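All ligand and atom numbering here is 1-based and tracks the order in the structure. Everything quoted here is computed from the prediction, not taken from an experiment.
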Amino acid sequence: MSIYRIAIVGAGPAGYFAAQALQNSGNEERTFAIDMIERLPTPWGLVRSGVAPDHPKIKTVSKVFEKIATSENFRLFGNVELGTDINTADLVERYDAVIIATGSSLGRKLGIPGENLQGSLSAADFVPWYNGHPDYKDLDVLVDCDTAVVIGAGNVAMDVARMLALEPHELDETDTADHALEVLRRSKIRRVILCARRGAEHAAFTAPELRELSKLEHTNVIIHKSDIEDARARVGETPEKDVKSNLDAMSLVADMAPTNHERTFEFEYLLAPLEIHGTDRVEEIVLGVNKIDGDKVVATGETKTIKCGLVISAIGYEAESISGVPYLKGKVANTEGHVEGTNIYAVGWAKRGPSGVIGTNKSDASEVIKLLISQLPANPKNNGDVTDLLTGHPIVTQSHWEKINTAEVEMGEPLGKPRVKAVERAHLLHLGGL
Ligand code: NAP
């Protein structure tokens with residue numbers, strides 16, 4: 001029986017699904033010993049620090065991750081950063097294959113004047129802030145204003161806008177970070193405007209997320225019927241299935257009777273950000289009014305200015321580079337998941353860019369693992385692992401993580417929450433018994 005050692009860097013959905021595909025590919029002749037390396041003291045990646053706290057069902061996939069992690073020949077090396085505590089070369093030398101599953105954590109820039117003003121944030125910072133990611137706990141989120149503008153028409157923009165627009169009590173029984181709850185409770189924001197640069201038919205939202213909006217109990221969600229009618233006229237009788245589902249879901253919201261709630265969440269189409277103005281902080285955003293001309297979206301030359309104190313852009317992500325791994329256009333430079341001429345592979349957003357839902361990573365990882373297995377040498381290297389490089393370093397193993405997990409869940413129980421997240425690294429290590 002040959003045992004191949006595989007290092008997976010990043011304990012998010014893509015990393016776990018890669019591990020699962022390896023576990024499922026073992027046979028009588030060959031098996032895999034998996035070391036999963038994660039820079040945070042906690043695993044689960046975006047399931048912990050990305051998925052919106054008011055969407056707990058999506059997080060139940062963590063049960064699958066725990067099953068993978070407690071299978072034979074799997075070790076978690078949490079609190080270990082590639083590039084700081086160990087190097088890519090260490091992994092490449094010692095392991096038969098190295099799988100980069102570190103996602104895309106940097107927010108794409110709008111590239112417009114005023115973007116760096118105080119009060120202008122990226123969803124790449126705001127989302128991990130409300131989800132208790134240790135690196136973002138001190139983010140300055142300005143909520144002393146009436147209006148916030150969210151840029152982008154994807155599910156992240158929708159999560160961000162919803163988190164700002166809902167009544168904070170709706171988050172009481174969620175695992176929203178305590179520091180974020182405190183800020184959201186004193187928020188003066190009553191109007192959240194989501195601006196999409198193209199038409200409703202081009203929006204990247206998915207229909208289930210749009211339909212969920214009708215469940216907001218304390219917020220008027222405003223989608224203008226005329227925007228949907230215009231979009232329907234443009235797509236004709238036989239739109240693509242996803243476009244039809246989205247427009248149907250938007251109509252459902254547009255047809256809802258208006259209520260007297262003081263909080264509103266409005267969708268505006270065909271507005272592209274041009275400039276953010278303000279002396280010391282964001283005071284207004286200027287957007288160019290677009291129109292659709294055939295199959296093109298073009299500027300009309302007109303502008304619309306919205307007075308606001310907070311702008312959050314949710315326009316996609318790029319991967320943060322790891323030294324020793326080649327990158328191209330915001331992702332690992334790879335061919336079908338393989339970094340040519342190396343034993344390095346990439347899965348998930350690190351491989352394909354920031355697209356797809358959590359489940360997309362399962363089929364994606366399984367294809368990459370097939371390729372990896374087809375390229376394995378006849379015999380394993382037997383070159384050891386990284387444990388000797390980490391002597392004295394506090395490593396969060398699976399059993400330490402289980403202690404953290406239990407402690408967080410127990411802190412949540414009396415409050416009716418799924419967990420209370422610890423957000424300081426030292427606190428997390430302490431909960432883990434380290
Ligand atoms: P996304 O779906 O790619 O959406 C990005 C949005 O940003 C698009 O509407 C895009 O508009 C817009 N945009 C890009 N550059 C822009 C610019 N310069 N100015 C104005 N708008 C700009 O990305 P995402 O929302 O970050 O989501 C990433 C992935 O995670 C998606 O696959 C998403 O479905 C998934 N996700 C899923 C869930 C869920 O299932 N509940 C939750 C969150 C995220 P154009 O189309 O015009 O380029």
Problem set entry | Under-4.0 Å salt bridge between Asp135 and Arg425 | yes
Exercise. Got a salt bridge between Lys421 and Glu408, using NZ or NE/NH1/NH2 to carboxylate O under 4.0 Å?
Worked result: no
Exercise. Hey, which atoms in ligand 1 end up nearer than 4.0 Å to a heavy atom of Arg198?
Worked result: 45 (P), 46 (O), 47 (O)
Exercise. Do Leu46 and Trp349 have side chains that get closer than 4.5 Å, going by heavy atoms?
Worked result: yes
Problem set entry | Residue pair Tyr130, Tyr136: steps toward the side-chain contact (heavy atoms from CB on, under 4.5 Å) verdict | CA-CA 9 Å; Tyr130 63 61; Tyr136 300 87; over 6 Å; no
For this session: Measure the distances from the heavy atoms of Phe205 to every atom of ligand 1 and state whether one is below 4.0 angstrom.
Result: no
For this session: Give yes or no for whether the N/O distance cutoff of 3.5 Å, strictly under, is met between Asn155 and ligand 1.
Result: yes
Exercise. Quick one: which ligand 1 atoms are inside 4.0 Å of a heavy atom on Val357?
Worked result: 40 (O)
Exercise. Between Arg162 and Asp159, does at least one N-O distance fall below 4.0 Å, as a salt bridge requires?
Worked result: yes
For this session: Starting from atom 31 (C) of ligand 1, find the nearest protein heavy-atom neighbour and note its residue, name and distance.
Result: Gly356 N, 4.0 Å
Exercise. With atoms numbered from 1 as shown, which atoms in ligand 1 lie under 4.0 angstrom from a non-hydrogen atom of Ile151?
Worked result: 20 (C)
Exercise. For atom 28 (C) of ligand 1, which candidate among Pro273, Pro354, Gly111, Ala157 holds the nearest heavy atom?
Worked result: Pro354
Problem set entry | Ionic contact status for Asp144 with Lys188, cut-off 4.0 Å | no
Problem set entry | Ligand-side contact atoms (ligand 1) for residue partner Tyr317, heavy atom cut-off under 4.0 Å | 26 (O)
Exercise. Would you call Glu201 and Arg234 a salt bridge, using N to O less than 4.0 angstrom?
Worked result: yes
Problem set entry | Test item: protein heavy atom less than 4.0 Å from atom 23 (O) of ligand 1 | no
Exercise. Would Ser355 count as a contact of ligand 1 if the rule is a heavy atom under 4.0 Å away?
Worked result: yes
For this session: Could you tell me whether atom 15 (N) of ligand 1 has a protein heavy atom closer than 4.0 Å?
Result: yes
Exercise. Near Val156, which atoms of ligand 1 are under 4.0 Å from a heavy atom of that residue?
Worked result: 24 (P), 25 (O), 26 (O), 27 (O), 43 (C), 44 (C)
Problem set entry | Close aromatic pair by centroid cut-off 6.0 Å: Phe74 and Phe32 | no
Exercise. Counting both backbone and side chain atoms, is some N or O of Thr206 under 3.5 Å from an N or O of ligand 1?
Worked result: no
For this session: Do me a favour and list the nearest non-hydrogen protein atom to atom 7 (O) of ligand 1 with residue, atom name and distance?
Result: Ile315 CA, 3.4 Å
Problem set entry | Partner set under side-chain contact (heavy atoms from CB on, under 4.5 Å) for Lys225, not counting sequence neighbours | Glu229, Ala254, Asp255
Exercise. Would you say Ala196 touches ligand 1, if touching means a heavy atom closer than 4.0 Å?
Worked result: no
Seminar exercise, completed: For Ile58, the atoms of ligand 1 under 4.0 Å from one of its heavy atoms are 41 (N)
Exercise. Can Arg185 and Glu182 be counted as an ion pair, charged N to O under 4.0 angstrom?
Worked result: no
Seminar exercise, completed: Quick note on ligand 1: atoms under 4.0 Å from a heavy atom of Asp159 include exactly 42 (C), 43 (C)
For this session: Using a strict cut-off of less than 4.0 Å between a Lys/Arg side-chain nitrogen and an Asp/Glu carboxylate oxygen, indicate whether Arg211 and Asp248 qualify as a salt bridge.
Result: no
For this session: Could you pull out all residues at least two apart from Lys137 that satisfy salt bridge (charged side-chain N to carboxylate O under 4.0 Å, His left out)?
Result: Glu424
Exercise. Do the charged groups of Lys417 and Glu173 touch, with an N to O distance under 4.0 Å?
Worked result: no
Exercise. Considering only heavy atoms, which of Gly152, Ala203, Ala314 lies nearest to atom 5 (C) of ligand 1?
Worked result: Ala314
Exercise. Can you tell which of Ala153, Gly359, Ser104, Ala204 gets a heavy atom nearest to atom 9 (O) of ligand 1?
Worked result: Ala153
For this session: Describe, in one word, how the ring planes of Tyr16 and Phe65 are oriented to each other, choosing from parallel (under 30°), tilted (30 to 60°) and perpendicular (over 60°).
Result: parallel
Seminar exercise, completed: heavy-atom search around atom 30 (O) of ligand 1 in the protein gives Trp349 CZ2, 3.4 Å
Exercise. If you measure every N/O of Glu209 against every N/O of ligand 1, is any gap under 3.5 Å?
Worked result: yes
Seminar exercise, completed: Among non-hydrogen protein atoms, atom 18 (N) of ligand 1 lies closest to Arg197 NH1, 3.5 Å
Seminar exercise, completed: Of all protein heavy atoms, the one nearest atom 4 (O) of ligand 1 is Gly154 CA, 3.6 Å
